[in-house]
Undergrad: 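Here it is: the structure, laid out below.
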Amino acid sequence: MNIDKKLRSVFTEDTELPEIVTEKSNAAYEQIRRKCRKDERKMKNHHKVSHKNEKKSRRRHFPIWAKTVSAAAAVLLLTLCICVANPVLAAKMPILGRIFEMLSKSTSYPGDYTQYAEPLQEDEILSAETEQGAEDNTEKGLFSQTVNGVTVTLSEVYCNEESLSISMLVEGPEPFANKIMKDMDGNQTLSLDAVSKFSFQPQPYVGDRTVEGTFLDEKTFAGIWRIDLQGVLQDVSEINRIVEEAKQKGQEIAVDEEVMSYMKQLELPEQFTVEIELEKVIGDLAEAEAIDWGMSAEEVEALSDEEFGKLYEQKMQEYGMDQYPNKAEQYWFEGPWKFTVPVSLNDTGSKTITINDISETGVGMKEIAVTPFEIRLDYEEGGLDCIPIVLDAEGKEMESAGDSVSVIPVADHDISSITVYLCEFEQWKGEIISHRETGDYQQYLEKYAIYTKSIELT
């Protein structure tokens, strides 16, 4: 068993659901469910109602394109109507609108989203024009769609000036929780093969595929899909035109600084829509299929680099591992599921602090964007290969969570002030990082950083 499989086998416990969801909510809605099941039988014939190299990518990456219940009686009445029309939705009622709350501590950008996230209203699902087909087993509504027996439901949406987050449920026709790989913390993720079309952006966006979450049962995954808006706000239409024209002339254009100067920075509207075309929902297998090399480990080891290269390519094609997804390494559901999501910008608790402190060598801080869940550093590297290290007001390091080292979660940190150190990456990897777990880490940062700045955020 290799080290990856050993690690996967150790972390096997599922995330425990909040008691309010597993006990109080289920009890409150059980009577409604019984009523719905009875009404469903009566209406059965009349109603059919319709979702790594070692170094992380830098902040300037080329975009990968393509509340309160007012009255219990009113809630009961609305819920009952929804349940009668859609019994499948009735079973989800204790979950829908609460996914952010359920996953508030287990995602890469944790925090209390309840005062920021907006539910995608269940009653809007009822007003959707639905489509059904017995042959492909589909049911399609505004925010909940079943395709080939797999239901994807969008639950809540939250957008600040840095990111867009959408919570969702993925319900499979068969158990798949134990098929999906767990990381060292026991967490599981799914990946979306999706194209998103923002109403203010002329180009489709295909980046940010990961959905972080947990399985509610062996067939149902609840997660949060976070889209970094920095890539979305970059309009590369003119660059694409230049590259395409060169291609038609048989020329090759290097995407250098001169070409990148044609990129336009878009403004984020206060309200917009996102058309999501979700082709596949994918998970990495907990136990990837072992490759049969057709010879012993000793014989494989004895092969020359050229011989092994040929054998490797042969096996990749034989197992389909030259494609993504493939049955040897992934488990997936085929769509498509299509949604149009209305989004409103919520800038509560967000601000941008202008710094413009650049040294003579061209290294320094331009600005910092702060939201209730993340900070984003905008800095100049002066032609060097830099990595930012950030310490909070208590001197604790704030680590990045995603693919960009300049976007950092703020949960569990005192960010009344922060200190930013810009270090040359190779030097940080050499002289500095070995002191990360010792008491002199900040001392080494002060010594080797090529730029240091303390910033008050409140």
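In what follows, residues are counted from 1 in the order of the sequence shown. What you see below is based on every heavy atom in this structure, not just the backbone, and it leaves out hydrogens, waters and symmetry mates. Everything numeric in this text was worked out from a predicted model, so none of it was measured.
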Undergrad: With the side chain counted from C-beta on, respond yes when Ile224 and Ile166 share a heavy-atom pair under 4.5 Å apart, and no when they do not.
TA: no
Undergrad: Are more than 12 heavy atoms, taken from residues, nucleotides or ligands other than Tyr324, located less than 6.0 Å from that residue's OH atom?
TA: yes
Undergrad: Do the two ring centres, one from His435 and one from Tyr444, sit under 6.0 Å apart?
TA: yes
Undergrad: Run the salt bridge (charged side-chain N to carboxylate O under 4.0 Å, His left out) test on Glu161 and Lys351 for me, step by step, so that the C-alpha distance in whole Å, both residues' side-chain angles and the decisive distance to 0.1 Å come before the verdict.
TA: CA-CA 9 Å; Glu161 293 183 348; Lys351 60 183 175 181; over 6 Å; no
Undergrad: Report yes if the side chains of Ile239 and Val243 come closer than 4.5 Å at any heavy-atom pair, otherwise no.
TA: yes
Undergrad: Among Tyr109, Tyr113, Tyr158, Trp225, which residue meets the ring-ring contact (aromatic ring centres under 6.0 Å, His included) test with Phe100?
TA: Tyr113
Undergrad: For a salt bridge (charged side-chain N to carboxylate O under 4.0 Å, His left out) check, start with the C-alpha distance between Arg376 and Asp228, then their side-chain angles and the critical distance, and finish with the verdict.
TA: CA-CA 11 Å; Arg376 180 185 299 276; Asp228 189 316; 2.7 Å; yes
Undergrad: Decide yes or no for Leu169 and Thr220: does some side-chain heavy atom of the first lie under 4.5 Å from some side-chain heavy atom of the second?
TA: yes
Undergrad: Glu218: what forms a side-chain hydrogen bond (donor to acceptor under 3.5 Å, both in side chains) with it, not counting sequence neighbours?
TA: none
Undergrad: Determine whether the aromatic ring centres of Phe221 and Phe176 lie less than 6.0 Å apart.
TA: no
Undergrad: Could you go step by step and tell me if Lys219 and Glu171 meet the salt bridge (charged side-chain N to carboxylate O under 4.0 Å, His left out) rule?
TA: CA-CA 6 Å; Lys219 295 182 179 181; Glu171 302 167 88; over 6 Å; no
Undergrad: Are there over 12 heavy-atom neighbours, none belonging to Asp412, within less than 6.0 Å of that residue's CG?
TA: no
Undergrad: Between Glu381 and Val363, is there a side-chain heavy-atom distance shorter than 4.5 Å?
TA: no
Undergrad: Report the residues that fulfil ring-ring contact (aromatic ring centres under 6.0 Å, His included) with Tyr319, sequence neighbours left out, ordered by chain and then residue number.
TA: none
Undergrad: Do you know which two heavy atoms are closest between Ser165 and Arg226, and how far apart they sit?
TA: OG-CG, 3.8 Å
Undergrad: Take Arg241 and Glu238, measure what salt bridge (charged side-chain N to carboxylate O under 4.0 Å, His left out) needs, and give me the verdict at the end.
TA: CA-CA 5 Å; Arg241 186 191 64 78; Glu238 185 64 15; 2.4 Å; yes
Undergrad: Taking it one step at a time, do Leu192 and Val211 satisfy side chain to side chain contact (heavy atoms under 4.5 Å, CB included)?
TA: CA-CA 7 Å; Leu192 304 181; Val211 180; 3.6 Å; yes
Undergrad: Between Phe373 and Tyr116 (judged by ring centroids, cut-off 6.0 Å), do the two rings come close enough to count as a pair?
TA: yes
Undergrad: Sequence neighbours excluded and cut-off under 3.5 Å, please list the side-chain donor-acceptor pairs for residues 268-280, or say none.
TA:
none

